[in-house]
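The next block holds one structure in the form of structure tokens; read it before the comments.
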Amino acid sequence: MIIVASANGRVGIDAAFEALESGVSAVGAVEIGIRAVEDNADDHTVGAAGYPNILGELELDASIMDGVTRECGAVGALHGFRHPISVALSVMRNLPHVLLVGEGADRYAREIGAERITSVNTAARDEWRRRVAEIVTAPGDDAIGDGRPLAPLVRHAADPERVAGTVNFLAIDDDGGVCAGVSTSGWALKYPGRLGDSPVIGGGCYADARYGAAACTGMGEMAIRACTAHSIVTAMRHGMSADDAVRDAFEDLVLLGGPFLDVMNSIAVDTAGNHAGFSSLEGRTYVYRSSGMTSYDERARTVAPIPRRWAR
Ligand code: ASP
């Protein structure tokens, strides 16, 4: 058994692994790990403490995939609920659908009695206010809620340095279960309704119990366009190691054209427990814990730069 997670999964990986050891499935362990990150008030890229969209509204995305059945569930632009990953899991288990967004996702979360967010994270709110003040002349909570076009503001606000974040969890249990899960507040100051790769199965999240699992953080538009998580698992299906599979997916990303295309982070694990973590940036890490370890270990990601081809 093994759990592999993005570095911000530190707050949940040991609880998730101990759950696996006590007999909880890979799917259950991924939910446990991600819920801990969604509750981390210091993580402004996931859950209630996440950075809001350009209008100051928190829109949360999450997905989960059971690699045994390849059933999956996802929510996008969910408003006001504490654990998007659990709503996504409920979609997987209880609906004939894969992805619910916006008002429909909110409605479903209410129907299942999902826990609500009860307080605004002031640090995230202050940062939103500060950044809005940089790009509009009359800053304040209502300054950009007056019907003005948001597209120019979003282009200006879309600083890729702020994209780092989002949580990935991959788990393999001793019964052949394999699961991938992702949760995020998305790209800070995004256009309302924008979905990244996190709720897109195959983009930011994929699991197939025959081969392994993969997940991504970074500029979600890239992972959607290149189906990166699915590409990684498909490469493992064709015999590549986890390491070679992620490297291959990064080589594919380098060829994408267009702006905002230079930050990607991916992790992968194969069914033998081999794992890999790559980033286009220096200094990024990921965490893992497998049988025999008493706590998680943190490992440097292989750096595979994706050259920026646009001017800021
Ligand atoms: N991948 C996420 C998204 O595009 C953001 C991130 O990983 O920081 O919404």
Side-chain angles (χ1 to χ4, degrees), residues 3-6 9 12 16 19-20 23-39 46-47 59-115 166-173 175-186 195-217 220 223-224 227-230 232-233 267 269 271:
I3 295 188
V4 183
S6 51
L20 265 190
V24 168
S25 68
V27 171
V30 165
E31 185 192 19
I32 289 168
I34 290 182
R35 281 173 67 98
V37 184
E38 289 173 338
D39 272 346
V46 179
E59 294 188 321
L60 302 177
D61 308 330
S63 64
I64 190 162
M65 182 162 188
D66 179 344
V68 175
T69 58
R70 280 183 284 161
E71 289 173 295
C72 30
V75 287
L78 181 73
H79 302 99
F81 292 91
R82 183 173 164 188
H83 291 300
I85 194 65
S86 298
V87 183
L89 181 56
S90 180
V91 169
M92 178 178 108
R93 287 188 169 145
N94 300 310
L95 291 182
H97 305 312
V98 166
L99 173 59
L100 294 182
V101 300
E103 284 177 17
D106 297 345
R107 181 189 176 108
Y108 181 67
R110 280 195 302 275
E111 281 182 20
I112 62 171
E115 284 172 82
T166 299
V167 64
N168 294 160
F169 262 78
L170 312 176
I172 299 183
D173 62 35
D175 297 319
V178 176
C179 179
V182 182
S183 184
T184 190
S185 50
L195 300 182
D197 57 327
S198 307
V200 176
I201 299 299
C205 175
Y206 200 76
D208 184 326
R210 295 171 294 178
Y211 314 110
C216 305
T217 72
I224 292 173
C227 303
T228 300
H230 183 264
I232 293 168
V233 175
I267 55 172
V269 64
T271 49

CA sep, side-chain torsions, deciding dist, call: I64, F169, side chain to side chain contact (heavy atoms under 4.5 Å, CB included): CA-CA 9 Å; I64 190 162; F169 262 78; over 6 Å; no
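- Of the inter-residue distances, the one linking D61 atom CG with C205 atom SG reads 12.5 Å to the nearest 0.5 angstrom.
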Stepwise side chain to side chain contact (heavy atoms under 4.5 Å, CB included) test for I172 and V269: CA-CA 9 Å; I172 299 183; V269 64; 4.0 Å; yes
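- A search for side chain to side chain donor-acceptor pair (under 3.5 Å) contacts involving H97 returns nothing, not counting sequence neighbours.
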Worked check of side chain to side chain contact (heavy atoms under 4.5 Å, CB included) between V30 and L170: CA-CA 7 Å; V30 165; L170 312 176; over 6 Å; no
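- Checking side-chain atoms of T271 against main-chain N and O of G212 turns up no donor-acceptor pair under 3.5 Å.
- Atom-to-atom distance recorded for T217:OG1 and I267:CD1 is 8.5 Å, nearest 0.5 angstrom.
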Worked check of side chain to side chain contact (heavy atoms under 4.5 Å, CB included) between I3 and L20: CA-CA 9 Å; I3 295 188; L20 265 190; 3.7 Å; yes
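- Counting heavy atoms from C-beta outward, V68 and V178 have side chains that stay 4.5 Å or more apart.
- The shortest heavy-atom contact between S198 and S63 is O-OG, 2.6 Å.
- Atom-to-atom distance recorded for H83:NE2 and L89:CG is 12.5 Å, nearest 0.5 angstrom.
- Taking each heavy atom of V87 and L78 in turn, the nearest pair found is CG2-CD2, 4.2 Å.
- Atom CG of L99 is separated from atom SG of C72 by 9.5 Å, given to the nearest 0.5 angstrom.
- The minimum heavy-atom distance linking A29 with A16 is given by the pair O-CB, 3.3 Å.
- Once rounded to the nearest 0.5 Å, the distance linking SG of C216 with CD1 of I224 reads 10.5 Å.
- Partners of T184 by side chain to side chain donor-acceptor pair (under 3.5 Å), not counting sequence neighbours, listed by chain and number: T166.
- The backbone N or O of A223 sits nowhere less than 3.5 Å from a side-chain atom of D197 that would complete a donor-acceptor pair.
- Take S185 and apply the side chain to side chain donor-acceptor pair (under 3.5 Å) test, not counting sequence neighbours, and it matches no residue.
- Rounding to the nearest 0.5 Å places CD1 of I85 at 10.0 Å from CZ of R35.
- The shortest side-chain heavy-atom distance between M65 and E71 does not fall under the 4.5 Å cut-off.
- When the side chain to side chain contact (heavy atoms under 4.5 Å, CB included) test is applied to R210, the partners found at least two apart in sequence or on another chain are R70, D208.
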Criterion side-chain hydrogen bond (donor to acceptor under 3.5 Å, both in side chains) on S90 and Y108, from CA distance to verdict: CA-CA 9 Å; S90 180; Y108 181 67; 2.6 Å; yes
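- Contact record, A180 with A213: CB-CB, 4.2 Å, taken as the closest heavy-atom pair.
- Scanning all heavy atoms of the two residues, the minimum distance from A229 to G204 falls at CB-C, 3.8 Å.
- Checked by atom type and distance alone, the side chain of D173 pairs as donor or acceptor with a backbone atom of D175 at under 3.5 Å.
- Identified under the salt bridge (Lys or Arg N to Asp or Glu O under 4.0 Å) test for residues 89-108, with sequence neighbours left out: R107-E111.
- For residues 72-82, the set of pairs meeting the salt bridge (Lys or Arg N to Asp or Glu O under 4.0 Å) definition, not counting sequence neighbours, comprises D39-R82, R82-E115.
- Across all non-hydrogen atoms, the minimal contact from A74 to P199 is CB-O, 3.3 Å.
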